[in-house]
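Below you'll find the structure, written out as structure tokens, and then a few comments.
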Amino acid sequence: MGKKLVILLWIGFGAFSVKAQSVNKPKVVIGIVVDQMRADYLNTFANHYGNRGFNLLKKRGAWFTNCYINYLPSYTGPGHASIYTGTVPGIHGIVGNNWYNRNTASNVYCVRDSNVSAVGGASVAGFISPRNLKVTTLADELRLATNNRSRSFAISLKDRGAVLPGGHTSNGSYWMDDEKGNFMTSTFYMDQLPKWVQDFNAQALVRKYLDLGWNTLYAKDQYLYASKDENEYEGKYADQERSSFPYTFKEQENKYIKRTPYGNSILFEFAKEAIRKEKIGHNKETDFLAMSFSATDYVGHIFGPNSLEVEDTYARLDKEIASFIRFLNNEYGKDNYLLFLTADHGAAHNPNYLKDKKIPADYFFSQKEQLALNEHLEMKFGTKDLCVKLMNAQVYLNKKVIASAEQEVAIKAAVIEYFNKHPLIQIAFESQRINEVVLPDFLKQYYTNSFYIKRSGDINLLFNPSVLDAYSLTGTSHGAWSAYDAHIPLIFYGAGIRADQINKKVFMTDIAPTIANMLGITSPNGSIGNVILDVQ
């Protein structure tokens, strides 16, 4: 009897182990980041969505309705880095799309690397690598866990949208060259484009898409989020006389593809070709594909959230996602891939739009404010250009012209006093003295999460809600801690995922450790996030 019991227990345990292992090893993990997608867009534009795109993910996936960014500023570079590393800028080092380097007295682009060169694109677009990223990504850890038998790929229209998710060990990270409209990479990854990428570029799909022009999918009276097609809050394409449908692009340069919903379409086509030609997900180990859709960000910046253009872009994206899910089901079987969908940040309403609705809002133009600050400091201290850069809502002091430590203390105090009197600033404070500031604890933590001593500014500025760190009076931007910028969608779908709507508060940094746990691998080496979901 005892032997029989042991055998039965062993058989049962073995069956459980095989089942758990098969669930935890999908053929491929696919990350989808929709650039500038607010969490509420899943509901706001739902009247345009069918049953096989966003609504399918919401219904059949684990939908976290309360996911937030937990650092500042909420920009593309830090967003992609944080999603795939499970950590914050204060650890992974990507503190903005750009930051100021005092040693070289120059701006640093988050993925610029002068030691590499272009492969398959214009030389100016090829100085790109992940070397500024100081930690591993989820894809890196998957490669390490399998002794490089797993393969990882990352694609985007934007270089930073491909390079940061792909990490340091990517088998191929590809982005689009503005000049030619081709997908390219750099010598960090390879010396020559694979033949399938060359063949894809040779199809000249960018030109074919642009020649289609852009009109609304549906009758204009079915669009609910904008009061009218052309309005004073939205911008327009640089060479267009109006900001209303229909648009023609037959005379426009190839780079226009990024500013239309067709940018998303061509990226989906590129993803399908990558899956076919690289045989992604058809190996013994789990593979990884990171996809970042940038057209939503370009369209959003130009036109703002209260526009037919943004609404139509998401209507079209829903159809593209539905088509891609059908492709994945045919390629792998619906239970053999694991997919997550999220965003790198949201978007603010246009301040003039809010003002017209009697809601407090305004614009903060950093270059103009830097000039005014320097004039004030020069009058007080007799030295020009004491603020060398105002960027990312941070003041960088010009240490080369500051005479002593005592003077630096006085200058910092003067800057803080100046901005604390500014009508658009809630509070200014020294970056390294956040614990002394009277703010809600969660905001203190956000600022702490964002501070990287070699790259961050000396003084932080906290804007009033709905103050936009802007470059234009039309369209929109992002960067704040408020829900419009920091509340993002998060859905897990596919292998081992139970359908559920989960309302607990989670963070962007929870995504990577959750996927790592599902795969049974180590979390990225800087990860601070929590596991928020178990597989069946």
Side-chain angles (χ1 to χ4, degrees), residues 31 33 35 73 75-85 87-141 143-144 148 151-180 182-194 197 201 255 258 288 290-292 294 297 344 389 391-392 396 452-457 524-526:
V33 176
D35 201 328
Y75 289 161
T76 297
H80 283 79
S82 298
I83 289 166
Y84 286 94
T85 65
T87 195
V88 290
I91 295 175
H92 62 58
I94 307 300
V95 297
N97 292 335
N98 302 272
W99 57 83
Y100 185 75
N101 186 321
R102 292 187 181 88
N103 294 328
T104 60
S106 63
N107 291 346
V108 176
Y109 178 50
C110 62
V111 291
R112 180 171 173 80
D113 182 354
S114 59
N115 295 312
V116 299
S117 56
V119 175
S123 59
V124 69
F127 301 116
I128 300 296
S129 90
R131 287 197 175 104
N132 288 327
L133 183 67
K134 297 301 182 182
V135 299
T136 60
T137 66
L138 181 60
D140 289 330
E141 293 296 338
R143 298 264 288 152
L144 290 171
N148 290 338
R151 296 171 308 138
S152 67
F153 300 86
I155 62 173
S156 178
L157 300 183
K158 292 182 181 178
D159 47 25
R160 58 187 181 273
V163 169
L164 295 170
H168 307 277
T169 63
S170 171
N171 294 92
S173 291
Y174 302 99
W175 55 93
M176 184 174 280
D177 168 31
D178 271 351
E179 184 178 310
K180 299 178 181 179
N182 287 345
F183 284 97
M184 63 174 293
T185 188
S186 78
T187 53
F188 180 87
Y189 304 98
M190 60 192 73
D191 295 324
Q192 181 177 320
L193 285 180
V197 179
N201 287 336
K255 65 183 179 182
K258 296 183 178 182
F288 198 97
M291 306 165 63
S292 175
S294 312
D297 186 67
D344 53 347
K389 182 64 66 174
M391 173 189 287
N392 302 331
Y396 291 79
Y452 193 93
I453 193 166
K454 296 178 181 178
R455 297 175 178 177
S456 295
N525 62 12

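For Asp35, the salt bridge (Lys or Arg N to Asp or Glu O under 4.0 Å) criterion is met by Lys158, not counting sequence neighbours.
The closest side-chain heavy-atom distance from Lys389 to Asn107 is below 4.5 Å. No side-chain heavy atom of Tyr189 sits under 4.5 Å from any side-chain heavy atom of Val119.
We find the OH-CG distance between Tyr84 and Leu133 to be 13.0 Å, quoted to the nearest 0.5 Å. Expressed to the nearest 0.5 Å, how far CG of Leu164 lies from OG of Ser170 amounts to 11.5 Å. Atom-to-atom distance recorded for Ile128:CD1 and Asp159:CG is 4.0 Å, nearest 0.5 angstrom. Of the inter-residue distances, the one linking Met291 atom CE with Leu157 atom CG reads 10.5 Å to the nearest 0.5 angstrom. Distance check, rounded to the nearest 0.5 Å: CE of Met176 to CD1 of Ile155 gives 10.0 Å. For the atom pair CG of Leu193 and OH of Tyr174, the computed distance is 6.5 Å after rounding to the nearest 0.5 Å.
When only modelled atom types and interatomic distance are considered, Thr169 and Asp140 share a side-chain donor-acceptor pair under 3.5 Å. Of the N and O atoms on the side chains of His168 and Thr136, not one donor lies less than 3.5 Å from an acceptor on the other residue.
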- Task: Please step through side-chain contact (heavy atoms from CB on, under 4.5 Å) for the pair Asn392 and Tyr75, ending with a clear verdict.
- Result: CA-CA 9 Å; Asn392 302 331; Tyr75 289 161; 3.2 Å; yes
- For His80 and Val163, what are the C-alpha separation, side-chain angles and deciding distance, and is it a side-chain contact (heavy atoms from CB on, under 4.5 Å)? CA-CA 9 Å; His80 283 79; Val163 169; over 6 Å; no
- Message: Evaluate Tyr396 against Trp99 for side-chain contact (heavy atoms from CB on, under 4.5 Å), listing each step before the verdict.
- Response: CA-CA 10 Å; Tyr396 291 79; Trp99 57 83; 3.8 Å; yes
- Task: Applying side-chain contact (heavy atoms from CB on, under 4.5 Å), run through Ser152 and Arg143 and close with a yes or a no.
- Result: CA-CA 8 Å; Ser152 67; Arg143 298 264 288 152; 4.1 Å; yes
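Residues Cys110 and Arg160 approach most closely at SG-CD, 3.8 Å, considering heavy atoms. The nearest pair of heavy atoms linking Arg151 to Asn171 is CA-OD1, 3.2 Å. Across every non-hydrogen atom of Ala162 and Ser173, the tightest pair is O-OG, 3.7 Å. Scanning both residues, Trp175 and Ser186, for their nearest heavy atoms gives CH2-N, 3.6 Å. Closest approach of Pro78 and His92 over heavy atoms only: O-NE2, 3.9 Å. Residues Ile94 and Arg455 come closest through the heavy atom pair N-NH1, 4.2 Å.
The closest donor-acceptor contact from the side chain of Thr187 to the backbone of Ser117 lies under 3.5 Å. Judged purely by atom type and a 3.5 angstrom limit, Asn97 uses its side chain to pair as donor or acceptor with the backbone of Gly77. Checked by atom type and distance alone, the side chain of Asn182 never pairs as donor or acceptor with a backbone atom of Asp177 at under 3.5 Å.
Sequence neighbours left out, the pairs with a member in residues 107-126 that pass salt bridge (charged side-chain N to carboxylate O under 4.0 Å, His left out) are Asp113-Arg131.
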